[in-house]
Amino acid sequence: MRSEVKKWIKNPGLSHWEMGGLILFCSTIIALLIGLLGRGYILYGLFIFNGVLITGALAMRHPSFMVLGYLLSSIIYLNNYPGIPLPELLFFIYTVFIVLALFLPDLLRFKIHFYSGLDKIALLFIILLAYGTVLGYLNGAKPVNLFGDLTYYAGFLTYFAFLKYFHRERFRKTLLVLLIGIIVYILVRNAINYQQIIIEAYALWQIQKARAATNEVFILAGSSFFLSAFLYVKSYLHKSFYLFLLLAGIGGIVITQSRGYWIALLFSFFIMFLIAEKSQKKQILLVISVSLVAGILVISIFFSDLFHIIYDALLYRLSSIFDIFTERIGPSLRQRILETKKVMGKIIENPIAGYGFGVTYSRFLTVPHIYKEVTYIHNGYLAIWFKLGLVGFITILYYCYLIFKYCLHIYRYTSRWAKPISHSIIGILGGMLLVNVTSPQFFSFGSMFLMALMGIFASYYYNQYKYQLNKHTGISE
């Protein structure tokens, strides 16, 4: 019986379409059954069961499906539910499974394939994550705090699993499609949540404070990519498609009411404008102008009764950015300044080794004027320095520098579809490094996962660029 099951798994005799239909049918049945427990469990059941089917059936024949399934199931973690519910715990088990199956064996046999020096820096950073874990334990970190900190790097740990199959064109295209799908999902979910807050508001201040601040970095990344794709596609249909997504992305950033990401998106567009070709600069200016007008029209149409309230709230939020240069610093900015001073003081005491993951520091809360032991640090640069010491701090900065360097070469010297992606990555990473001062990109699951994928892209295509260059010049590798 077991041998027959194994034979069927290896060769079920089904086409990809038939297998997809089977997965969809089974997922629907399971989702309906789980739905009896409560509406909120349907999405969990759908993705968990899909993940099991993908890893259990398809991965036997196509291990790359296991990696793509991981990317798809990351939606579970990106929902940012409080605590660590069962679906998220299963997602982290999935992470461990990916690492044990597709990374650790190659590491122990010294068979990891490096496309460039960027991959070696990524490996060094993963080793430093192990260092931070041990150091945190030795410094008395609570297991729950230690585990909580490590979850932020779960996506980065899959770096070499994705790299393993990145040479396959089909894999790369599927990966891009899934990423776009996840970004669209985030945009729709945030818009629904924002609308729900507005509808349920019973006081003016609730409308003014309404925000959908979840997964902002994916919206930042999507908006930059949609702008770049708009510049490079030729047909009007494709241009209309990416323009629509770009407008949705800009709107998605606006309703987060996150001042840091507003500035980060503008900075990302500015960087892309600087390196763009002359003809593209005009398109960028035109598109951004159209986006602003369209955004105002959408708000005035769909929120006609509340237009002035929402507009005034967003304008006030925007003007508060400049409070840092005055004496009218708000409680949020004041809190960040006090936190930065405290963390910097701890770093000065131990700048080389760091403190490890899960180690707390005493943060003063301006409201309600108490001290609290926490592990979270809003300044990403200080966070990585505090956790992994000077070596970790330098390693992650050098990793980012290599992404910039490689993508700039790819953008300048290639003409394939890698060109618009490299163009957008330069802008995305620039925006991320700017907002890292107030929203920790080096201490966030979504940001570190994106940085891993951007690093893989840069490493692979830079290697392809060098290969083509050496081929034309007659220089051997």
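The residues of the chain are indexed from 1 along the displayed sequence. Everything quoted here is computed from the prediction, not taken from an experiment.
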Heavy-atom donor-acceptor pair, S459 side chain to I456 backbone, under 3.5 Å = no
Euclidean distance, T151 OG1 relative to F91 CZ, rounded to 0.5 Å = 10.0 Å
Taking all atoms of both residues into account, what is the closest heavy-atom pair of C407 and A458, and its distance?
-> SG-CB, 3.9 Å
Closest non-hydrogen atoms of T360 and N145, given as atom of the first, atom of the second and distance, are CG2-ND2, 3.8 Å
For L157 and V99, which heavy atoms make the closest approach, and how far apart are they?
-> O-CG2, 3.8 Å
Have Y70 and T95 got a donor and an acceptor in their side chains that come within less than 3.5 Å?
-> yes
Is it true that atom OH of Y398 has more than 12 heavy atoms of other residues, nucleotides or ligands lying nearer than 6.0 Å?
-> no
Is the charged tip of K419 near the ring of Y232: under 6.0 Å from the six-membered ring centre and within 45° of its axis?
-> no
May I ask you to establish whether K281 and F273 are in a cation-pi arrangement, using a distance under 6.0 Å from NZ or CZ to the six-membered ring centre and at most 45° from the ring axis?
-> yes
Side chain of Y115, backbone of Q464: donor and acceptor closer than 3.5 Å?
-> no
Taken to the nearest 0.5 Å, the spacing of Y242 OH from L227 CG works out to 12.5 Å
Between Y153 (side chain) and F442 (backbone), is there a donor-acceptor pair under 3.5 Å?
-> yes
Please round to the nearest 0.5 Å and tell me the distance separating atom CD1 of I127 and atom CG of L107.
-> 7.0 Å
F125 and I384: side chain to side chain contact (heavy atoms under 4.5 Å, CB included), yes or no, with the steps?
-> CA-CA 11 Å; F125 187 74; I384 204 72; 4.0 Å; yes
Assert yes or no for the condition that the ring centre distance of Y77 to F92 is strictly below 6.0 Å.
-> yes
Could you grab the distance from atom CZ of F97 to atom OH of Y94, nearest 0.5 Å is fine?
-> 8.0 Å
Find out whether L102 and F160 are in side-chain contact, i.e. whether some heavy atom of one side chain is under 4.5 Å from a heavy atom of the other.
-> no
For S64 against R168, the heavy-atom pair lying closest together | OG-NH1, 3.7 Å
Taking S424 for the side chain and S224 for the main chain, is one N or O donor matched with an acceptor at less than 3.5 Å?
-> no
After noting the C-alpha distance and the side-chain angles of I253 and W262, does the key distance pass the side chain to side chain contact (heavy atoms under 4.5 Å, CB included) rule?
-> CA-CA 7 Å; I253 280 289; W262 289 353; 3.4 Å; yes
May I ask you to decide if K142's main-chain N or O and Y137's side chain share a donor-acceptor pair within less than 3.5 Å?
-> no
Given side chains that start at C-beta, do those of I396 and M448 come closer than 4.5 Å, heavy atoms only?
-> yes
Contact check, side chains of Y462 and L402, non-hydrogen atoms, under 4.5 Å = no
Does the side chain of D119 pick up a donor-acceptor pair with the side chain of Y159 at under 3.5 Å?
-> yes
Between the side chains of N379 and T340, is a donor N or O closer than 3.5 angstrom to an acceptor N or O?
-> no
Where the side chain of S444 meets the backbone of Q441, is there a donor-acceptor pair that is under 3.5 Å apart?
-> no
E169 and its side-chain hydrogen bond (donor to acceptor under 3.5 Å, both in side chains) partner, picked from H167, R172, K173 | K173
Could you give the distance from NZ (K346) to OH (Y355), rounded to the nearest 0.5 Å?
-> 4.5 Å
Any donor-acceptor pair under 3.5 Å linking the side chain of K387 with the backbone of G356?
-> no
Any donor and acceptor pair, going by atom type alone, linking the side chain of N436 with main-chain N or O of P440 inside 3.5 Å?
-> no
With side chains defined as the heavy atoms from C-beta onward, is the minimum distance between Y461 and H409 less than 4.5 Å?
-> no
Taking C-beta and beyond as the side chain, do F114 and L163 meet within less than 4.5 Å on heavy atoms?
-> no
Flag the pair F443 / F386 as yes when their ring centroid distance falls below 6.0 Å, and as no otherwise.
-> no
Is the backbone N or O of I275 less than 3.5 Å from a side-chain atom of Y411, with the two atoms forming a donor-acceptor pair by type?
-> yes
Enter the distance from I180:CD1 to L175:CG here, rounded to the nearest 0.5 Å.
-> 10.0 Å
Please work out which of the three classes, parallel, tilted or perpendicular, describes the rings of F393 and W385, given edges at 30° and 60°.
-> parallel
Do side-chain atoms of S268 reach the backbone of A264 as a donor and acceptor pair under 3.5 angstrom?
-> no
Heavy-atom side-chain proximity of F166 to F457 below 4.5 angstrom | yes
Check against side chain to side chain contact (heavy atoms under 4.5 Å, CB included), L388 and F357 | CA-CA 8 Å; L388 298 180; F357 295 122; 3.8 Å; yes
Got Y165 and T174 here, is their nearest side-chain heavy-atom distance under 4.5 Å?
-> no
So, for H423 and A276, which heavy atoms are closest and what is the spacing to 0.1 Å?
-> CE1-CB, 4.0 Å
Test log, rule side chain to side chain contact (heavy atoms under 4.5 Å, CB included), inputs L176 and I421 | CA-CA 10 Å; L176 181 61; I421 298 179; 4.3 Å; yes
Taking the six-membered ring for Trp and the single ring otherwise, decide whether the centroids of F449 and F445 are under 6.0 Å apart.
-> yes
Just wondering, do E339 and V374 contact through their side chains at under 4.5 Å, heavy atoms?
-> no
Shortest non-hydrogen contact between M272 and G427, atoms and distance = CG-CA, 3.9 Å
